[in-house]
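Side chains included, hydrogens not; waters and symmetry mates left out as well; all remaining heavy atoms used. The chains referred to below are lettered A, B, ... by the order of the sequence lines, with proteins before strands, and numbering in each begins at 1.
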Amino acid sequence: MPYQVPRGMRDILPVEIGRWQALEQRIRALAERFGFRELRTPVVEHTEVFARTSGEESDLVQKEMYTFTDRGGRSLTLRPEGTAAVMRAYIEHGGSSWPQPVKLYYIAPMFRYDRPQLGRYRQHAQFGAEIVGVPGPEADAEVIGLPIRLMQSLGLAQVEVRLNSIGDPVCRPRYLEALRDYFSRYTDALCADCRRRLQTNPLRILDCKEEGCHRIAREAPTIYGYLDAACREHFEGVQAHFQALNIPFVLDPFIVRGLDYYTRTAVEVYSGKLGAQNAMFGGGRYDGLAEQLDGPPTPGVGFGLGLERLLLVLEQEGLPIPAVEAAPTVFVVAVGGAARREAIRLVDELRQAEIAADRDLLNRAVRAQMRHADKLGARVALILGDAELATREATLRMLATGDERRVPLAQVTSAVAAIVDGRP
RNA sequence: GUGGCCGUAGCUCAGCCUGGUAGAGCGCCUGGCUGUGGCCCAGGAGGUCGCGGGUUCAAGUCCCGUCGGUCACCCCA
């Protein structure tokens, strides 16, 4: 085995690409029906774009970034998440002067240096969408409704949406103080990570999975008593709009999100079919993000959804997406040099008529050519030999039934077009 | 970054315990059918047994290391 793909990365082979293409097509159609337009950003950004926005304390920055120095001495990082890059592009190109609000989506690879396991890869694909420029809760419901409707349209009926508010820079500090007060009484019982988080980010203690920490966290004060009027009003607005959209959700005060830029709304959706890596999508509001990138104050809300995980869940639920097929309509089988030359011309003519056509390139026996036509899933075999050439005809064989008839060469394309249209 | 399990043909796996000439099914190619696919039959190609070291007369098999996969932890999509 001379070379292998880098750890945690994978090749998507032709036998499975049809599912990816089908999923991506559906996503694009749905996102655009929702009024989102695609934004493509480079796969790398200046490291600070992620380091400053996600937070120095976040796991993403601490241990998951693919960072390198380019030949000019710049520190660049392979995009570990989409939102910061979208906001960087929005600010750079003067998004505030575009028709407001701005609704953007992306389907793009993300890179995180992590230990691989089922549903977790060092390169994975995410579908994400953002609404920039709307401070009110209608945008939260609008953008989070998108992946919900996507999953429903794929047949995932009961997805559980876990919703929370983590406050904003006005009210969250008071809550963090309350958490510090509370957890300080139990420092001996907290794990080492959480003792550190007590100083750096006590919110994160809330979703620590350590048994001891978890037990203590369960009794911790929730943020609900600390949200100020504006945050509470926003939170209630999001819930009201979810209800109006008939999106079921549960309130979960332990959803805190791993990145620092989130404000107010935080959501995560899980599947029981994914083992330990069970998050399907996550997202929230990030009203302070633009300023962290030295841009003007700009509200935003969005999500990121893991495509590998979505495909895995669909597979395990017995709901595979019908793959995009790439079978030729016509396979031209040629016997002999003159027929081969005619086949080259005929295949080209069919292709110019927008009919998928293919032929043998290995100079193989008729039998092998027929076998190949069958394996490719062609609907029609066009057989060209001396007998046909003598009368300027081709034998048109329907592979499903074995029915055959002779067609003049000049009428082959229209005959095949008729078959494609369902007129045999 | 920590721990458990697993690496033999393109794929799924047997052989390992008890060291002694590397196997099966599927897939691929060819032929049976010299101009007709699927089904069937026959043949062929394809492997430094993940890699490196050690023990031994002899290692796919035993030991150590390493890389990769997988599951769990951390955390996330």
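The gap from the P atom of B:G15 to that of B:U8 amounts to 13 Å, rounded to the nearest Å. Comparing B:G52 with B:U34, their P atoms sit 49 Å apart, to the nearest whole Å. Rounded to whole Å, the separation between the C1' atoms of B:G60 and B:G7 comes to 12 Å. Taking the P atoms as reference points, B:U61 lies 8 Å from B:G50, given to the whole Å. Taking the C1' atom of each, B:G47 and B:G53 are spaced 22 Å apart, rounded to whole Å. Spacing of P atoms, B:G32 relative to B:A14, comes out at 38 Å, to the nearest Å. Going from the P atom of B:C62 to that of B:A24 covers 23 Å, rounded to whole Å. Straight-line distance between the C1' atoms of B:G31 and B:A45: roughly 14 Å, to the nearest whole Å.
Among the atoms of the strands shown, only primed sugar atoms or phosphate atoms (P, OP1, OP2) are found under 4.0 Å from some heavy atom of A:Glu64. Across all strands, A:Gly119 comes closer than 4.0 Å to base atoms (heavy-atom distances). Residue A:Ala125 is classed as having no contact, given no heavy-atom separation below 4.0 Å to the nucleic acid. If you check every strand for non-hydrogen atoms under 4.0 Å, A:Gly304 touches sugar and phosphate atoms only. Using a 4.0 Å heavy-atom cutoff across all strands shown, A:Arg122 reaches no nucleic acid atom at all. Counting any heavy atom pair closer than 4.0 Å across all strands shown, A:Phe331 reaches no nucleic acid atom. Contacts of A:Gly8 with the nucleic acid, taken as non-hydrogen atoms under 4.0 Å apart, involve only primed sugar atoms and P, OP1 or OP2. Across all strands shown, A:Gln123 has no heavy atoms under 4.0 Å from either base or sugar-phosphate atoms. Within the nucleic acid shown, A:Gly402 comes within 4.0 Å of at least one base atom, counting heavy atoms only. Base contact: A:Ala400 has a heavy atom under 4.0 Å from a base atom. At a threshold of 4.0 angstrom between heavy atoms, the contacts of A:Met110 with the nucleic acid are absent.
Within the 3.5 Å criterion, the main-chain N or O of A:Asp287 finds a donor-acceptor partner in the side chain of A:Thr263.
Residues A:Gln292 and A:Thr53 bring no donor and acceptor atom of their side chains to less than 3.5 Å of each other. No side-chain N or O of A:His46 forms a donor-acceptor pair with one of A:Arg88 less than 3.5 Å apart. Of the N and O atoms on the side chains of A:Glu219 and A:Tyr182, not one donor lies less than 3.5 Å from an acceptor on the other residue. A donor-acceptor contact under 3.5 angstrom links the side chains of A:Thr395 and A:Glu388, judged on distance only.
When rounded to the nearest whole Å, the span between CG of A:Asp114 and P of B:C75 equals 11 Å. Summarising the geometry, the separation between CG on A:Asp11 and P on B:G10 is reported as 15 Å, rounded to the nearest angstrom. The distance from atom CZ of A:Arg162 to atom P of B:C76 is 15 Å, rounded to the nearest whole Å. Remark: P of B:C75 and CD1 of A:Ile255 are 13 Å apart, rounded to the nearest angstrom. Per the geometry, CZ belonging to A:Arg112 stands 9 Å off C1' belonging to B:C75, to the nearest Å. For A:Arg364 and B:C29, the CZ to C1' distance is 8 Å, given to the nearest whole Å. One atom, CD of A:Gln117, and another, P of B:C5, lie 17 Å apart when rounded to the nearest Å. Nucleotide B:C76 holds its C1' atom 15 Å from the CG atom of A:Asp260, rounded to whole Å.
Geometric assessment of A:Arg79 against the ring of A:Phe111 yields a negative cation-pi assignment under the 6.0 Å and 45° thresholds. Taking the ring axis of A:Phe34 as reference, the NZ or CZ atom of A:Arg149 does not stay both within 45° of it and closer than 6.0 Å to the ring centre.
At most 12 non-hydrogen atoms from other residues, nucleotides or ligands lie less than 6.0 angstrom from CD of A:Glu138. Counting heavy atoms of neighbouring residues, nucleotides and ligands inside a 6.0 Å radius, atom OH of A:Tyr113 does not exceed 12 of them.
Look at B:A59: it lacks any Watson-Crick or wobble partner with both distances under 3.5 angstrom. The base-pairing partner of B:U18, taking Watson-Crick or G-U wobble contacts with both distances under 3.5 Å, does not exist among the strands shown. Base-pair partner of B:A45: not found among the strands shown (Watson-Crick or G-U wobble, both distances under 3.5 Å). Across all strands shown, B:C73 pairs with B:G1; the Watson-Crick or G-U wobble distances both stay below 3.5 Å. With a cut-off of 3.5 Å on both pairing distances, the Watson-Crick or G-U wobble partner of B:C51 is B:G65. Base pairing annotation: B:G38 forms no Watson-Crick or G-U wobble pair, as no partner gives both donor-acceptor distances under 3.5 Å. Pairing of B:G23, defined by two Watson-Crick or G-U wobble distances under 3.5 Å, is identified with B:C13.
Taking only side-chain atoms of A:Arg120, from C-beta outward, the nucleotide of B:C33, B:C28, B:C73 with the closest atom is B:C73. In this structure, the nucleotide among B:U36, B:C71, B:C75 sitting nearest to the side chain of A:Leu118 is B:C71. You'll find that the side chain of A:Asp374 is closest to B:G37, out of B:A77, B:G37, B:G35.
The shortest distance between the side-chain N/O atoms of A:Lys375 and the OP1/OP2 oxygens of B:C29 is below 4.0 Å. Note on A:Arg371: a side-chain N or O is less than 4.0 Å away from OP1 or OP2 of B:G38. At B:G37, none of the side-chain N or O atoms of A:Arg379 fall inside 4.0 Å of OP1 or OP2 (strictly under the cut-off). Between A:Arg204 and B:C76 there is a side-chain polar atom (N or O) within less than 4.0 angstrom of OP1 or OP2.
The 5' end of RNA chain B is approached more closely, in terms of each residue's nearest nucleotide, by A:Arg7 than by the other of A:Arg7 and A:Leu305. Between A:Tyr121 and A:Glu404, the one whose closest nucleotide on RNA chain B sits nearer the 5' end is A:Glu404.
Salt-bridge check for A:Glu308 with A:Arg10: failed, with every basic side-chain N at 4.0 Å or more from each acidic carboxylate O.
Residue-to-nucleotide contacts include no donor-acceptor pair under 3.5 Å from the side chain of A:Gln369 to the base of B:U36. Remark: the A:Gln4 side chain and the B:G69 base include no donor-acceptor N/O pair separated by less than 3.5 Å. Judged by distance alone, with hydrogens and angles left aside, A:Arg309 brings a side-chain donor or acceptor within reach of the base of B:C76, the pair sitting under 3.5 Å. On a pure distance criterion of 3.5 Å, a polar donor-acceptor pair joins the side chain of A:Arg115 and the base of B:U2. With hydrogens and angles ignored, a donor-acceptor pair under 3.5 angstrom links the side chain of A:Lys63 to the base of B:C74. The base of B:G37 lies outside donor-acceptor range of the side chain of A:Arg367, with no N or O pair under 3.5 Å.
Remark: ring of A:His372 does not overlap the six-membered base ring of B:G37 in a stacked fashion, as centroids less than 5.5 Å apart with planes less than 30° apart are not both met.
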